[in-house]
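As structure tokens, the structure follows; a few thoughts come after it.
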Amino acid sequence: MPELPEVETIARGVNKSLRGDRIVEGWFSSYPQPFKTPPSKQASGLANRTILAVHRTGKHIVFELGVPDRSTAHADSESGRDAGNADPGSSRAAPPDAHSSDAQWIVHLGMTGRLLVAKPECVPAPHTHARLTLASGLELRFVDPRRFGRLEFRNLARHAAFQRPGAEPLEIGAKQFAALFRERHLPIKAALLNQSLLSGVGNIYADESLFHAGIRPRRRTDRISVSEYTRLRQAMRQVLRHAIRLGGSSVSDYVDADGERGFFQVEHCVYQRTGEPCRCCQTPIRRVLVAGRGTHYCPNCQR
DNA sequence: CATTTCACCTGGTGGC
DNA sequence: TGCCACCAGGTGAAAT
């Protein structure tokens, strides 16, 4: 589900709700699959840190975290919550500053991952693999039925900051975009899905971008002209920006951090419209396999 | 090395 | 109703 527009929507939502909040403690399920960092290390690494900012890079959500607030940890364990609350220097007094980030929590949602801001009394969904309790009283929950998602904690004193593997689709220039693909020899759809080239485009937005550019998904990257790449980049930018404005695509169960569905699925021209008439020329949309993924295109509009 | 295929998971859907 | 095959937004390891 989560491609660039969905991940962007979730990151914005979490940032809005939790920026400046403090992580009191983390709970992680015993399944090893969703974790790049062992659960115990994530829990101890996250505790008592302030969330300075939450942002998207590629398909990853990155939490920028401040240094652990030891005074709060002591106050909580020795003299109860009152001491922490009475101290104006603790909890939310300091303005969040992402540049002073001391650690990062990196969330990848895989196919079915969700990140939800919830009230603690709200019953957790099945397949909830992580819960962070926050000083505000809210909870952040990571839910992921298929367990393709990944959670990682990085202490920046000892590890480099997270970097997306490829270029950012909304930042790359026209010249670099064409250069990225022209010397390769694979179907353009496969190239668009390769995150080490371009980070953020997935199955939905690859198909939609190729439709709007009028390019067939099986065309090889080395046989597409520079002017076609200019069109493709333009189409991709417009599709991604429009999808972000509509809160992403809710194909089956995608929801944002507040549990709200997106609306870009209504605008899909080809994705999961096999056999339905093209919105442009009425030709039935065709489905084929490219790079092992279901791929949808209009045989008339795309050449 | 570049490219392609497949395994990793659970759940929903549609055919018989 | 039950059983089964097939499909799903992603990625990285293994095979070619």
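The chains referred to below are lettered A, B, ... by the order of the sequence lines, with proteins before strands, and numbering in each begins at 1.
Look at the P atom in both B:dC9 and C:dA14: the space between them is 15 Å, to the nearest Å.
Taking the side chain of A:His185 as heavy atoms from C-beta on, and the options C:dA8, B:dG11, B:dT3, the nearest nucleotide is B:dT3. Listed nucleotides C:dT11, B:dT4, B:dT3 differ in distance to A:Arg184; the shortest reach to its side chain belongs to B:dT3. Residue A:Asn203 has its side chain nearest to C:dG10 when only C:dT11, B:dT4, C:dG10 are considered. In this structure, the nucleotide among C:dT11, C:dA8, B:dT10 sitting nearest to the side chain of A:Lys59 is C:dT11.
A:Asp253 has its CG atom 11 Å from the C1' atom of B:dT10, to the nearest Å. A:Lys36 places its NZ atom 9 Å from the P atom of C:dA13, with the value rounded to the nearest Å. At whole-Å resolution of the value, CD in A:Gln272 and P in C:dC6 are 18 Å apart. The distance from atom CG of A:Leu197 to atom P of B:dA2 is 10 Å, rounded to the nearest whole Å. Between the C1' atom of C:dA8 and the OH atom of A:Tyr271 lies a distance of 6 Å, rounded to the nearest Å. Atom CZ of A:Arg147 is separated from atom P of B:dA7 by 18 Å (rounded to the nearest Å). The CG-P distance, from A:Leu193 to B:dC6, rounds to 17 Å in whole Å. Residue A:Glu3 contributes atom CD, which lies 9 Å from atom P of C:dT11 at whole-angstrom precision.
Here A:Phe148 packs flat against the base of B:dC8; its ring centre is closer than 5.5 angstrom to the base's six-membered ring, tilted by less than 30 degrees.
No donor-acceptor distance shorter than 3.5 angstrom exists from the side chain of A:Thr57 to the backbone of A:His60, with no hydrogens or angles considered.
Base pairing of B:dC9 is not made with any nucleotide, judged by Watson-Crick or G-U wobble geometry with both donor-acceptor distances under 3.5 Å.
A:Ile215 and A:Ile224 get closest at one heavy-atom pair: CG2-CD1, 4.0 Å. In terms of heavy atoms, A:His296 sits closest to A:Arg273 at CD2-N, 4.3 Å. Taking each heavy atom of A:Ser29 and A:Pro39 in turn, the nearest pair found is O-CG, 4.2 Å.
Between A:Tyr297 and A:Phe211, the ring center distance fails the sub-6.0 Å criterion.
Side-chain atoms of A:Arg146 and base atoms of C:dA8 include a donor and an acceptor less than 3.5 Å apart.
Between A:His127 and B:dT10 there is no side-chain polar atom (N or O) within less than 4.0 angstrom of OP1 or OP2.
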